[in-house]
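Computed from a predicted model, the values in this text were never measured in an experiment.
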Amino acid sequence: YVAGRTDITPKAQEQYAWAIPHIEAGLGAIQLSMLDRDDVAGWIEGLANGGKLSRRSVQICRTVLRAALSEAVDEGLISRSPAARVGLPRTVAKPVREKETETWTADEVDRFLEATANHRWAVAFRVSVLYGLRRSEMLALKWKNLDVDAGTLKIEESVVATRTGAAWSNAKNERSRRTIPIDEETMRAFARRRAEQAAERVAAGEEWEDNDLIVATRVGRLVFPRSYDLALERFVESAELPRLTSHGLRHTAATHMVQQ
């Protein structure tokens, strides 16, 4: 369903993909022809009172359900959408924030790598957790920084979060500007990203912006730090791993390097 929605933005596609499991878990057992307004309202009320989702997340779930049911109406599968007039609850129980862990174990790192292996930014997550790159350094990496023959990666720029999104900056200091050797499996991950990006470039056509970025949007633009963090949060949650920030990935890498 998500792959077929070419009329929505990539960001919206990610939201749809995230919301659909919630919809299936709450309403999937009910036949489409039997689904009514009370079912939808009860499900949304349950999401709001569950203490696991924010108000925005509940709203996204409702929006995706409405879109799917509207499409079902257009296709003649049902006569009217049972979600059309269902509003959001006035209050949403605030999610209980789990305490962030300092680092992951080796087993947890493996689970994280497996969970992110097929994502567009898989190599970014891999390099962050294995080599300790800062988020700002990872988002600034360009293909010119990767030496395929030598198997090395040069870090020389960074992207910092701003109120409007992000801004370019030089690496923090002379020590931050460095060249690191990269293992063969990670080099293969870079190769997969390059191939994926080539296909994205063709799909984007004239909208593509050639910024030489390794981690980029589907039209070649800079990825904002907040977008990167949100993607990370989703994978940590889906893999049922201890909560960890992008800084925690760096700390994890440093810890395991010391232990080796």
Side-chain angles (χ1 to χ4, degrees), residues 1-75 77-101 108 111-122 125 217-218 223-224 226-246 248:
Y1 173 69
V2 177
R5 290 300 305 266
T6 56
D7 58 321
I8 59 178
T9 65
K11 178 70 173 179
Q13 286 184 332
E14 290 182 1
Q15 291 177 341
Y16 273 51
W18 171 84
I20 285 175
H22 290 283
I23 297 172
E24 291 177 339
L27 300 172
I30 305 174
Q31 288 187 3
L32 180 60
S33 60
M34 301 296 292
L35 187 66
D36 60 26
R37 187 180 184 281
D38 288 340
D39 294 323
V40 175
W43 169 67
I44 291 177
E45 191 73 31
L47 293 180
N49 294 333
K52 294 183 177 180
L53 301 180
S54 66
R55 184 175 186 83
R56 174 58 178 158
S57 295
V58 175
Q59 185 179 34
I60 290 172
C61 287
R62 185 189 64 162
T63 298
V64 174
L65 178 64
R66 280 181 167 179
L69 291 176
S70 293
E71 191 169 315
V73 172
D74 293 341
E75 293 178 0
L77 300 177
I78 52 177
S79 59
R80 64 179 64 182
S81 170
R85 296 183 180 275
V86 177
L88 284 177
R90 290 190 175 184
T91 60
V92 174
K94 292 184 179 180
V96 177
R97 303 270 307 176
E98 295 181 13
K99 184 179 179 180
E100 294 172 4
T101 188
E108 288 167 341
R111 284 165 53 195
F112 174 69
L113 292 176
E114 182 178 355
T116 58
N118 295 320
H119 191 268
R120 297 175 57 250
W121 302 337
F125 295 130
T217 68
R218 293 181 188 275
V223 171
F224 289 166
R226 180 56 181 158
S227 298
Y228 181 82
D229 284 347
L230 286 173
L232 172 61
E233 287 177 14
R234 292 192 189 103
F235 279 117
V236 170
E237 181 181 353
S238 64
E240 298 182 347
L241 289 164
R243 191 167 180 270
L244 197 72
T245 63
S246 53

Trainee: State the CG-OG distance between Leu232 and Ser227, to the nearest 0.5 angstrom.
Mentor: 12.5 Å
Trainee: Aromatic rings His22 and Trp18: how do their planes relate, parallel, tilted or perpendicular, breaks at 30° and 60°?
Mentor: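 Ring orientation, 0 to 90° scale: tilted.
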Trainee: I'd like to check Ile44 versus Val58 (side-chain heavy atoms, cut-off strictly below 4.5 Å). Are they in contact?
Mentor: yes
Trainee: Classify the angle between the aromatic ring planes of Phe112 and Phe125 as parallel (below 30°), tilted (30 to 60°) or perpendicular (above 60°).
Mentor: perpendicular
Trainee: Checking side-chain polar atoms at under 3.5 Å, does Arg56 have a donor or acceptor matched by the opposite partner on Gln59?
Mentor: yes
Trainee: Could you grab the distance from atom CG of Asp74 to atom CD of Glu71, nearest 0.5 Å is fine?
Mentor: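 Here the rounded value is 7.5 Å.
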Trainee: Hey, are the side chains of Leu32 and Leu69 touching, using non-hydrogen atoms and a 4.5 Å cut-off?
Mentor: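 They are in side-chain contact.
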Trainee: Any heavy-atom pair between the side chains of Pro82 and Asp39 that's under 4.5 Å?
Mentor: no
Trainee: Trp43 versus Ile23: any side-chain heavy-atom pair under 4.5 Å?
Mentor: yes
Trainee: Quick check on Asn118: does its CG atom have over 12 non-hydrogen neighbours (other residues, nucleotides or ligands) under 6.0 Å away?
Mentor: no
Trainee: Does the Ser54 side chain pair with the main chain of Ser57, one donor and one acceptor, at a distance under 3.5 Å?
Mentor: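 Yes; at least one donor-acceptor contact below 3.5 Å.
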Trainee: Output the distance between atom CZ (Phe224) and atom CG (Asp229), rounded to the nearest 0.5 Å.
Mentor: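 These two atoms lie 13.5 Å from each other.
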Trainee: For the pair Arg111 (side chain) and Glu240 (backbone), establish whether a donor and an acceptor sit closer than 3.5 Å, ignoring hydrogens and angles.
Mentor: yes
Trainee: Testing Ile60, Thr91, Leu88 for side-chain contact (heavy atoms from CB on, under 4.5 Å) with Arg55, which one passes?
Mentor: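 Between Arg55 and the candidates, side-chain contact (heavy atoms from CB on, under 4.5 Å) is satisfied uniquely by Leu88.
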